[in-house]
Amino acid sequence: MTADKQTQKAGENSQLMQAGTINIYNNGIDEKRAREICAETYAIARRNFTADAYAYANERVQKFEDSLLPKMQQIEGALSTFADPSFQLLLTSAQRTAAATERNADYDMLAELLVCRITKGQSRKNRTGISRAVEIVDKIDDDALCALTVVHAINMIFPMSGDCKEGLQVLNDLFDKLLYMDLPNGIDWIEHLDILDAIRISSVSHFRKLNEYYPERLAGYSAAGIKIESEDYQKALTLLSKVGLNKNILIPNELLDGYVKLPVVNKDAIKNISLIRSTTNSGNAVTISRAVNEREISVLCTIWDLYTDDNVAESKAKTEFMDLWDSYPALNKLHHWWDGLSNAFTITHVGTVLAHTNARRCDNSIPELPLTAQ
């Protein structure tokens, strides 16, 4: 006897970012030689220091190198990059910045930036952003960096899970780590970031309120869906039957009684659905998973388009979604801060490098910087 069950398979940590493949070839440099190169470049970096500054500089640069080398060793062949003249120039710049800062977090930031140079440094645009970020790590205020990181995460990171509560829990856990200090208010921190070329201020626009932005980004959570036993519901069942999909792929809307929807965070995520078939083989339970095919994707997109356009139902679903959002402490804090922002801005390439590097410092489960490698 065979029992079939079709569901969505959510990605681990439910974060829609994936690291690229890293191919680096080893040219014989080991940790010992890498540390010798660090010493050689540091001799250049400290030339403008007086003897009085050596003690401070030596201690700080050592902390930076102690953070850098273990990270490099985790990437196969990465130590070979120490032989690259352009990397040595960046290393020298990072050592100067490390010597100039007393914040322990900055040493980890600098180390992450150099790792980013290895994994994403093939593009000259990326190199420019990373080099500039290394130069200003010691100049950016703590609260401004925290706020920049939060805004970057709002723009770039969202859950993959088709379960609303599970997805919001992922976001809450993320922002709980990123909100590691009180976020700044007013305009000073925004102007500070603009001066450092991390953002570009817009004088003619404002950010959308959170209750407008996230229900749209996470439309699979906030939508009402299809009313059960309606004509559109019967159409959906017919469409599923034509491609051999089980009606259980339509799940009850946990925010609105009497409605069902697809288990996706938004329409674009339909192509990422995995179908899981549970069966038995010689009395043993066997689970088989496969991606949806083009025909199934087309049908599921058509079913998404059957979602109700009833304004009352849609409004109620979005209200329930935001009420659920605000029940999570970190998301509630984020809601109030975001809605109070006085000016809109765009994050530059430099700001993206800084913000994502800081996000990874706070949560190392976040994948690598989503910059192009070409």
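Atom NZ of K125 and atom OG1 of T128 lie 10.0 Å apart (nearest 0.5 Å). Here the CG-CD1 distance, from L148 to I347, works out to 5.0 Å after rounding to the nearest 0.5 Å. Atoms CG and CG, on L145 and N358 in that order, are 4.0 Å from each other to the nearest 0.5 Å. Rounding to the nearest 0.5 Å gives a distance of 11.0 Å between CZ of R46 and OG1 of T41. Between the OH atom in Y180 and the CG atom in D363 there is a gap of 13.0 Å [rounded to 0.5 Å]. Note that the CG atom of N211 and the OG atom of S222 stand 11.0 Å from one another [nearest 0.5 Å].
Residues L178 and F175 are in side-chain contact: their nearest non-hydrogen atoms beyond the backbone lie under 4.5 Å apart. Here the side chains of V299 and K242 are not in contact, with every heavy-atom distance at 4.5 Å or above. In this structure, L218 and L171 have side chains that are in contact, with non-hydrogen atoms separated by less than 4.5 Å. Taking 4.5 Å as the limit, some side-chain heavy atom of V134 sits within range of a side-chain heavy atom of L114. By the 4.5 Å heavy-atom criterion applied to side chains, L68 and L91 are counted as neighbours. The shortest distance between side-chain heavy atoms of N155 and Y213 falls below 4.5 Å. In this structure the side chain of D66 reaches within 4.5 angstrom of the side chain of Q62, judged on heavy atoms. Side-chain atoms of M322 and K318, non-hydrogen and from C-beta on, never get closer than 4.5 Å to each other.
Q95 contributes a side-chain N or O that, together with a main-chain N or O of Y42, makes up a donor-acceptor pair within less than 3.5 Å. Although no hydrogens or angles enter the test, the distance criterion places a donor-acceptor pair under 3.5 Å between the side chain of D339 and the main chain of L210. Not a single donor-acceptor pair under 3.5 Å links the side chain of Q234 to the backbone N or O of E229. A donor-acceptor pair under 3.5 Å is absent between the side-chain atoms of S202 and the main chain of A344, judged by distance alone. A donor-acceptor pair is defined here as one N or O able to donate and one able to accept, closer than 3.5 Å; such a pair exists between the side chain of D163 and the backbone of E166. Checked by atom type and distance alone, the side chain of T101 never pairs as donor or acceptor with a backbone atom of D138 at under 3.5 Å. Y221 places no side-chain N or O within donor-acceptor distance of the main-chain N or O of L168, the cut-off being under 3.5 Å. At least one donor-acceptor pair under 3.5 Å links the side chain of K139 to the backbone N or O of E135. Of the possible donor and acceptor atoms, one in the side chain of T97 sits under 3.5 Å from a partner among the backbone N and O of S93. A donor-acceptor pair is defined here as one N or O able to donate and one able to accept, closer than 3.5 Å; no such pair exists between the side chain of S315 and the backbone of N311.
The residues K63 and D108 are annotated as not salt-bridged, no charged nitrogen and carboxylate oxygen being separated by less than 4.0 angstrom. Between K32 and E36, at least one side-chain N (NZ, or NE/NH1/NH2) sits under 4.0 Å from a carboxylate O, which counts as a salt bridge. A salt bridge links E40 and R33; the closest N-O separation between the charged side-chain nitrogens and carboxylate oxygens is under 4.0 Å.
Across all non-hydrogen atoms, the minimal contact from A355 to H152 is CB-CB, 3.5 Å. The shortest heavy-atom contact between N253 and A224 is ND2-O, 2.8 Å. Counting all heavy atoms, side chain and backbone alike, T308 lies closest to Y259 at CG2-CE2, 3.9 Å. Looking at every heavy atom in both residues, D232 comes nearest to I226 through C-CG2, 3.9 Å. Between L69 and A34, the shortest heavy-atom contact is CD2-CB, 4.0 Å.
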> Is there a salt bridge (charged side-chain N to carboxylate O under 4.0 Å, His left out) between E320 and K316 once you walk through the steps?
Replying inline: CA-CA 6 Å; E320 292 293 327; K316 184 177 180 181; 5.8 Å; no

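Counting heavy-atom neighbours within 6.0 Å of K71 NZ, excluding the residue itself, gives a total above 12. Under a cut-off of 6.0 angstrom, the local environment of CG in D257 is sparse, with at most 12 non-hydrogen atoms contributed by other residues, nucleotides or ligands. Counted within 6.0 Å of CG on N48, heavy atoms from surrounding residues, nucleotides or ligands total 12 or fewer; the atom is thus considered open. Counting heavy-atom neighbours within 6.0 Å of D323 CG, excluding the residue itself, gives a total above 12. The local environment of NZ in K271 is crowded, with over 12 non-hydrogen atoms from other residues, nucleotides or ligands closer than 6.0 Å. Residue-environment remark: NZ (K267) exceeds the threshold of 12 foreign heavy atoms within 6.0 Å. E254 CD: more than 12 foreign heavy atoms inside a 6.0 Å radius.
Taking the salt bridge (Lys or Arg N to Asp or Glu O under 4.0 Å) definition, one finds that R295 meets it with nothing, sequence neighbours left out.
Note on I44 and F49: separate hydrophobic clusters, where clusters join Ile, Leu, Val, Met, Phe, Trp and Tyr whose side-chain heavy atoms are under 4.5 Å apart, directly or indirectly. In this structure, L113 is a member of the same hydrophobic cluster as I75, with clusters built from ILVMFWY side-chain heavy atoms closer than 4.5 Å.
Between W338 and the options F207, W325, Y214, a ring pair (Phe, Tyr, Trp, His ring centres under 6.0 Å) holds for only F207.
The aromatic ring centres of Y307 and W304 sit less than 6.0 Å apart.
Using modelled atom types and a 3.5 Å distance limit, the side chains of N248 and N246 yield a donor-acceptor pair. For the residue pair Y56 and R60, no side-chain donor N or O sits within less than 3.5 Å of a side-chain acceptor on the partner. Between H192 and D188, the side chains place no donor N or O within less than 3.5 Å of an acceptor N or O (distance only, hydrogens not considered).
Relative ring orientation between W189 and W337 is described as tilted, the plane-to-plane angle lying within the 30° to 60° band.
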